[in-house]
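These numbers come from a predicted model, not from an experiment. A note on names: the letters A, B, ... follow the listed sequences, proteins ahead of strands, and every chain is numbered from 1.
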Amino acid sequence: MWRSTASRVVASLKNELLQSRSFIRGMKTVTLIPGDGIGPEISAAVVKIFVAAEVPIEWEERNVTAVQGPGGKWMIPHDAKESMDKTKIGLKGPLKTPVGAGHPSMNLLLRKTFDLYANVRPCVSIEGYDTPYTDVNLVTIRENTEGEYSGIEHVIVDGVVQSIKLITEQASHRIAEYAFEYAKNNQRSSVTAVHKANIMRMSDGLFLRKCREAAEKHKDIKFTEMYLDTVCLNIVQDPSQFDVLVMPNLYGDILSDLCAGLIGGLGVTPSGNIGAHGVAIFESVHGTAPDIAGQDLANPTALLLSGIMMLRHMGLHSHAQKIETACFDTIQDKKVLTKDLGGNAKCSEFTEVICQRVRDMK
Amino acid sequence: MQLYCMFKNICNTWKMISLYHMRCSSNSLNPPPAKYGGRHTVTLIPGDGIGPELLSHVREVFRFSCVPVDFEVVHVNSALEAEDDIDNAITAIRRNGVAIKGNIETKHTMPPSVKSRNNLLRTSLDLYANVMHCQSLPGVQTRHKNIDIMIIRENTEGEYSSLEHESVSGVVECLKIITRTNSLRIAEYAFQLAREKGRRRVTAVHKANIMKLGDGLFLQCCREVASGYPDITFDSMIVDNTTMQLVSKPQQFDVMVMPNLYGNVVSNVCAGLVGGPGLVPGANYGRDYAVFETATRNTGKSVAGKNIANPTAMLLASCMMLDHLKYVLLLHTADLGGQGTTSEVVQSVMRVIQSKGQLTADI
């Protein structure tokens, strides 16, 4: 009998060892990009909650204002890149895209620098924050590097514009593989490929083929394919029929925002970007809200949920669960809520209630 | 069985209606169709899936109501690679001017050179405007109420240009074409329709922040046309924000105009919001021709042949067709007793159906 106990102890020790192997001195370093507008205050809120939950993370704060490198090419600051390359994990607040600044958006720069090929948005209905849809529990995985957003446009003749949608075998293969890996690692049962291969026969046809090939390798996950319009039609009638959705760039953009709308908007939607070489940046996808910046009125939920997604990605499941429960309980309680959630509490008050719940859970 | 009973109700109601052809004031948007001996001939393309059964219901209702419309049935076999069938259908529509159709399936097993038949039909006949009117119907349970949105979608270019090539092995390019001519044309159509129907606001849906040249051109054309209609408010919205707004507050939208692919997304979202694909009719208008079908263009293979498909969308589409053919219906039922337009007839049909309590499974 003690032999079985011993083997169980050994197994759990191995598990602990696996988790802590990536931890130096017990702490993992993560790059924090507070962002603009309400970014700094919601980042501070998240850091405070993580401290209350005793999450073994050390933050390395960096700024990502675009700088011009040699040859006039716009890029992110060197210290930010260095930090991300070292830590591999980042948490980012909203970044403003200045109009007429002469450089592309910061989000685009980050995406290109770290080859962030997959945008993952889990959309789960939040109890206490009521929307007409109560049974949403799906994940949208969007290919983030090519497709309709390749930025290749030409004026053929005056009055005729051509935009090029690029679909490559490599990118489609990569995103399909990632979708199935994600489904497996997060106990999801099915993956649906969203496409328009009846109209875009070759391009979406290629994407679909790669998804089918990935499905062959992951027979334990159910695979279906559905036209974009059918998905749109069905998702607003019965979102519970969908689990993991994988799709090219444009459809992903539209559908992920649609799903965010189903659960209550960008203020409560987490998002993660997976890149090559193990890089992952988690972010809130709402705007910088300059009108309420610095007034302690912002809602940190989106960034907090992204942080929780980050913890799960890093294997810190118990901490993630604790913070998530505290956050959802606070919202469900409806006593202390920020203005956009229907209350009139300050950001700091909302944060403090979550911190207290987390401390009480120990 | 349930469907048949519902059907009989519709037919009985229509039996009380007699048809009267009247000259209405000319509609500058839709062309007058041809007519011989007091009867119109309309091309009917059954299509695949639920198309044939829905269209047979339409024919039955027309027969019961003694509608002076003859159908020229043209079959299109989606399993053939040759384009003869669809060419025949297009010729028939050119001859008759008006058609009603089911969706023709695009089989993925065919090589990519075989284009979507529906798309070929739309582009050959230059049916540049796809119009869909999404209204909350009384008696249909939905999460959102009081929706009344008109969606005008550019129907011939954009992402549906079917211009694709594999430049290098493993790299496919698909071209999205936006032209000034077509953008101006669809914007003009949208504003004219809005004015005709007494609508207040037109919203252009686009993604011009990313596709700066393509959607930028579309938006610019919409703005140009808007300046000629000072009585109508014009604004624009990015497509991802639009879908988010549609699922939270759809009542804010009035008339929406957009390029092809966004039209596909938005029209399906709106159809879902008002109760599903079985309820909303759609129309495709060109300068010389008009083709009517269900708004969401589903083949509905999973429900075909089981007598459970909802015929409302196709019936309403046939009513739109009658409107187009300029038929006005006289209602002899006691409660209405007087002249009414086709849409009022349909409303009464719907009321009868609801009161009898016999609905198809989806509603």
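- Neither the backbone nor the side chain of A:I235 comes within less than 4.5 Å of any heavy atom in chain B.
- The minimum heavy-atom distance linking B:N264 with A:D229 is given by the pair ND2-OD2, 3.1 Å.
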For side chain to side chain contact (heavy atoms under 4.5 Å, CB included), just list the numbers for B:T179 and A:V161, CA-CA rounded to whole Å, side-chain angles, deciding distance to a tenth of an Å, and then say yes or no.
CA-CA 6 Å; B:T179 60; A:V161 174; over 6 Å; no
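- What you find for B:E164 and A:M202 is that their closest heavy atoms are OE1-N, 2.9 Å.
- Side-chain atoms of B:K107 and A:N198 include no donor-acceptor pair closer than 3.5 Å.
- At a 4.5 Å heavy-atom cutoff, A:F207 makes no contact with chain B through either its backbone or its side chain.
- Heavy-atom contacts from other residues, nucleotides or ligands closer than 6.0 Å to CG of A:D158 number 12 or fewer.
- Put simply, the side chain of B:R180 never gets that close to the backbone of A:V160: no donor and acceptor are under 3.5 Å apart.
- A:S163 touches chain B through backbone and side chain together, each having a heavy atom under 4.5 Å away.
- Taking 4.5 Å as the limit, some side-chain heavy atom of B:V171 sits within range of a side-chain heavy atom of A:L166.
- Contacts between B:I177 and chain A at a heavy-atom distance below 4.5 Å involve backbone atoms as well as side-chain atoms.
- No more than 12 heavy-atom neighbours from other residues, nucleotides or ligands sit within 6.0 angstrom of NZ on B:K249.
- Atom NE2 of B:H144 and atom OH of A:Y133 lie 3.5 Å apart (nearest 0.5 Å).
- In terms of modelled atom types and a separation under 3.5 Å, the side chain of A:R201 and the main chain of B:M110 share a donor-acceptor contact.
- Heavy atoms only, all atoms of each residue included: B:Y160 and A:I199 are closest at CG-CG2, 3.7 Å.
- In this structure, chain B has a heavy atom under 4.5 Å from the backbone of A:H154, while its side chain stays farther away.
- Of the listed residues B:G272, B:C174, B:P112, the one with more heavy-atom pairs under 4.5 angstrom with chain A than any other is B:C174.
- With a 4.5 angstrom heavy-atom cutoff, B:Y262 touches chain A only via side-chain atoms.
- Using a 4.5 Å cut-off on side-chain heavy atoms (C-beta onward), A:Y251 and B:L261 make contact.
- Residue A:I152 does not touch chain B at all, counting heavy-atom pairs closer than 4.5 Å.
- Contact annotation for B:H165: only backbone heavy atoms (N, CA, C, O) come within less than 4.5 Å of a heavy atom of chain A.
- For chain A, the nearby parts of B:E159 are the backbone and the side chain; heavy atoms of each come within less than 4.5 Å.
- Residues B:L273 and A:V236 approach most closely at N-CG2, 3.8 Å, considering heavy atoms.
- Heavy atoms from other residues, nucleotides or ligands lying under 6.0 Å from CD of A:E127 number 12 at most.
- For the set B:D240, B:T106, B:N182, B:I238, the entry with the most heavy-atom pairs within less than 4.5 Å of chain A is B:D240.
- Contacts between B:V168 and chain A at a heavy-atom distance below 4.5 Å are absent for every atom of the residue.
- In terms of heavy-atom proximity, B:G275 sits nearest to A:Q237 at O-OE1, 3.7 Å.
- If you measure heavy-atom distances from B:E166 to chain A, the contacts under 4.5 Å come from both the backbone and the side chain.
- Between A:D253 and B:K207, at least one side-chain nitrogen of the basic residue sits less than 4.0 Å from a carboxylate oxygen of the acidic one, meeting the salt-bridge criterion.
- Only the side chain of A:L228 comes within contact range of chain B, with at least one heavy atom under 4.5 Å from a heavy atom of that chain.
- Not a single donor-acceptor pair under 3.5 Å links the side chain of A:Q162 to the backbone N or O of B:L175.
- Most heavy-atom pairs under 4.5 Å with chain B: of the set A:L258, A:D257, A:V157, this distinction falls to A:D257.
- In terms of non-hydrogen atom pairs under 4.5 Å with chain A, the most contact-rich of B:M244, B:K115, B:K176, B:R143 is B:R143.
- Nearest heavy atoms, B:L213 versus A:E153: N-OE1, 2.9 Å.
- Heavy atoms closer than 4.5 Å to chain B are found in both the backbone and the side chain of A:E148.
- A side chain to side chain contact (heavy atoms under 4.5 Å, CB included) with B:E173 is found for exactly one of A:I167, A:I164, A:T168, namely A:I164.
- The neighbour count for A:Q241 CD, taken as heavy atoms of other residues, nucleotides or ligands under 6.0 Å away, is above 12.
- With a threshold of 4.5 angstrom between heavy atoms, B:N298 approaches chain A through side-chain atoms but not through N, CA, C or O.
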